[in-house]
There are 2 protein chains.
Amino acid sequence: MRVLKFAILGLLYRQEYSGYDITSQFKKEIGQFWSAKHSQIYPELRKLVEEGLLHFRTQIQGEKLEKKMYTITDAGRKELLAWAVSPEPLPETEKDAFMLKMYFIHTLSREEAHTLFEHQLHQRQEKLVHLEEEYQQLLPVFGIERTEGKMMNFDHPHLGHYLVLTKAIAREQSYVQWLTQHMQLFVQ
Amino acid sequence: MRVLKFAILGLLYRQEYSGYDITSQFKKEIGQFWSAKHSQIYPELRKLVEEGLLHFRTQIQGEKLEKKMYTITDAGRKELLAWAVSPEPLPETEKDAFMLKMYFIHTLSREEAHTLFEHQLHQRQEKLVHLEEEYQQLLPVFGIERTEGKMMNFDHPHLGHYLVLTKAIAREQSYVQWLTQHMQLFVQ
DNA sequence: TCTGCCATGTAAAACGTTACATGATTTG
DNA sequence: CAAATCATGTAACGTTTTACATGGCAGA
């Protein structure tokens, strides 16, 4: 599948980035849905240059620190677009170790199960709060103002950002709701 | 982390299974949240036997077909329980290639984006229908009868099964809802 | 000057998928 | 008797993580 390849091509579609910058991007919003460590990114960048999908120029930062700024080539853009329009099949499995534990809940006492469940709820709620704060702070960037009833639209330069944030929020809300709904199983 | 190890130990906690049976289990409900191919399962089973967490007896099926029936040992049960009670940290990234494409939506035309979105919605809706049918069929097994107001409880032997099914349904409902809510971005 | 961040890489191990390989049993 | 399923394994390849390794830069 080589999804990392397309993640990198996609990031470079609109701007030049260094390997370090790409690593940083994966720690931001898109990291909710795809990421990689720098040890995977640097070899992938080299490979993409070899394949003619990227090129780079070396830039000096300060006195002598070299960084490589990568840009996408026409061939790279072409491959990216071919991938981007191809329909994404559903994965059979979306791995979730917590839910695997829940499948084996009969191995636990009521108290142990309750603790695990509470712990997961706590973490998911905290994550949800962070995501919602991020969303609130980005409302002006997204151009969504409650008073004027403005809405995100297809041509908005931050549509992708908006979509991943709202989707991450929806995912966490659903998780929190499911946990809350089933919490009663462990009390008493 | 060795999650597959614990998935196998968990499956063997209540009954004897062959490698083939374990492979089959991963194609059922728990496959929504964890799975592995037989090529990963057979070596893992051998390893778990070597580690003293499982043993097996060879059973003859029919005339000469040999199958290995695995059971968990006391050491295996001990390791399983230690894992099961340990709190699960949230993964930073829950990979979703479709959402990665959505982050790069600016590379697509309105029509292309609309097609992708519709395609994903169709697939998610279809999956949701299957899961809901499964749930409806299992209501008697779960002991949930609308007329008598019975409820799932902690000691129910199928609680794990119930939890993964309801969670998978919640996940798909949330996905479908999010897709539906944002579909308007691509029309006209 | 020290701490945290910027910056790039490689090596080894672990995890996961696809393909290769073989044969028995069951059901239509 | 043919096809689907049961049953077990290995090999090769691809992906991902952890650890090793090095050094520059900026601000307190």
Side-chain angles (χ1 to χ4, degrees), chain A residues 1-8 11 16-28 30-31 33-51 54 56-70 83 89-97 100, chain B residues 1-8 11 16-28 30-31 33-51 54 56-70 83 89-97 100:
Chain A
M1 211 98 340
R2 291 195 66 190
V3 181
L4 177 58
K5 160 179 164 175
F6 297 107
I8 291 174
L11 286 170
E16 201 180 36
Y17 279 126
S18 68
Y20 188 87
D21 294 335
I22 290 169
T23 311
S24 304
Q25 286 301 311
F26 284 139
K27 289 171 185 160
K28 300 196 181 169
I30 192 50
F33 299 106
W34 206 270
S35 67
K37 313 284 183 189
H38 77 274
S39 55
Q40 197 182 359
I41 291 165
Y42 289 116
E44 188 67 36
L45 285 168
R46 208 192 67 166
K47 205 172 170 187
L48 292 172
V49 170
E50 281 166 11
E51 294 174 43
L54 300 183
F56 69 90
R57 60 190 183 88
T58 303
Q59 199 187 281
I60 303 290
Q61 197 78 348
E63 200 67 1
K64 45 179 159 168
L65 179 60
E66 289 192 353
K67 67 171 170 175
K68 294 181 183 172
M69 297 303 291
Y70 291 88
W83 170 78
L90 294 197
E92 319 154 352
T93 302
E94 300 181 42
K95 290 190 172 179
D96 182 334
L100 182 62
Chain B
M1 208 102 338
R2 291 195 66 188
V3 182
L4 177 58
K5 161 180 164 176
F6 297 108
I8 291 172
L11 286 170
E16 201 179 34
Y17 278 125
S18 67
Y20 188 87
D21 294 335
I22 290 169
T23 310
S24 304
Q25 286 300 310
F26 283 138
K27 289 172 186 161
K28 300 196 180 169
I30 192 51
F33 299 105
W34 207 269
S35 67
K37 311 286 183 189
H38 78 273
S39 55
Q40 199 181 358
I41 292 166
Y42 289 117
E44 188 67 35
L45 284 168
R46 208 192 69 168
K47 204 171 170 189
L48 292 172
V49 170
E50 280 166 11
E51 293 173 44
L54 299 183
F56 69 90
R57 59 189 183 90
T58 303
Q59 200 187 281
I60 303 291
Q61 197 76 350
E63 201 69 359
K64 45 179 161 168
L65 179 61
E66 288 191 355
K67 69 171 170 175
K68 295 181 181 172
M69 297 303 291
Y70 291 87
W83 170 79
L90 295 197
E92 318 152 354
T93 302
E94 301 180 40
K95 290 191 173 180
D96 182 333
L100 182 62

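Chain naming here is simple, since letters A, B, ... match the order of the sequence lines and numbering starts at 1 in each.
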d(NZ, Lys95(A); C1', dA14(C)) in whole Å: 12 Å
Smallest separation among heavy atoms of Gly19(A) and Leu45(A), with atom names: CA-CD1, 3.6 Å
Separation of atom CD1 in Ile41(B) from atom P in dT17(C), rounded to whole Å: 10 Å
Start and end of the DNA chain D segment that chain A contacts, any atom under 4.0 Å from a heavy atom: dT15(D) to dC25(D)
Estimated bend of the helix from dT1(C)-dA28(D) to dG28(C)-dC1(D) (axis per five terminal pairs, rounded to 10 degrees): 40°
Mutual orientation of the aromatic rings belonging to Trp83(A) and Phe6(A) [parallel < 30°, tilted 30-60°, perpendicular > 60°]: parallel
Residue-level proximity of residues 60-68 of chain B to DNA chain D when a heavy atom falls under 4.0 Å: Gln61(B), Leu65(B), Glu66(B), Lys67(B), Lys68(B)
Contact check, side chains of Lys5(B) and Lys47(B), non-hydrogen atoms, under 4.5 Å: no
Within-4.5 Å side-chain heavy-atom neighbours: Leu65(B) and Ile60(B): no
Spacing of Leu4(A) atom CG relative to dT17(C) atom P, expressed in whole Å: 17 Å
N-O pairing of Arg57(B) and Glu16(B) below 4.0 Å: yes
Whole-Å gap separating P (dA13(C)) and NZ (Lys47(B)): 12 Å
Closest non-hydrogen atom pair, Pro43(B) against Gln40(B): CD-O, 3.5 Å
Euclidean distance, atom CD of residue Gln25(A) to atom P of dC6(C) [Å, nearest integer]: 12 Å
Integer-rounded Å distance: dA7(C) P and Tyr17(A) OH: 13 Å
Separation between CZ of Phe56(B) and NZ of Lys67(B), rounded to the nearest 0.5 Å: 14.5 Å
Separation of atom CD in Glu92(A) from atom C1' in dG16(C), rounded to whole Å: 12 Å
Tyr20(A) vs dC6(C): side-chain N/O to OP1/OP2 distance below 4.0 Å: yes
Touch class at under 4.0 angstrom, heavy-atom based, for Thr23(B) against every strand present: nothing
Quiz item: Ser39(B) side-chain donor-acceptor pair to dT18(C) base, under 3.5 Å: yes
Nearest heavy-atom neighbours spanning Trp34(A) and Phe26(A): O-CD2, 3.3 Å
Whole-Å distance separating the CD atom of Gln40(A) from the C1' atom of dA11(C): 15 Å
Touch class at under 4.0 angstrom, heavy-atom based, for Ser24(A) against every strand present: nothing
No-hydrogen, no-angle side-chain donor-acceptor test under 3.5 Å, Asp21(A) and Ser24(A): no
Thr93(A) (side chain) donor-acceptor with Gly31(B) (main chain) under 3.5 angstrom: yes
Leu48(A) side, atom CG; Arg46(A) side, atom CZ - distance, nearest 0.5 Å: 11.5 Å
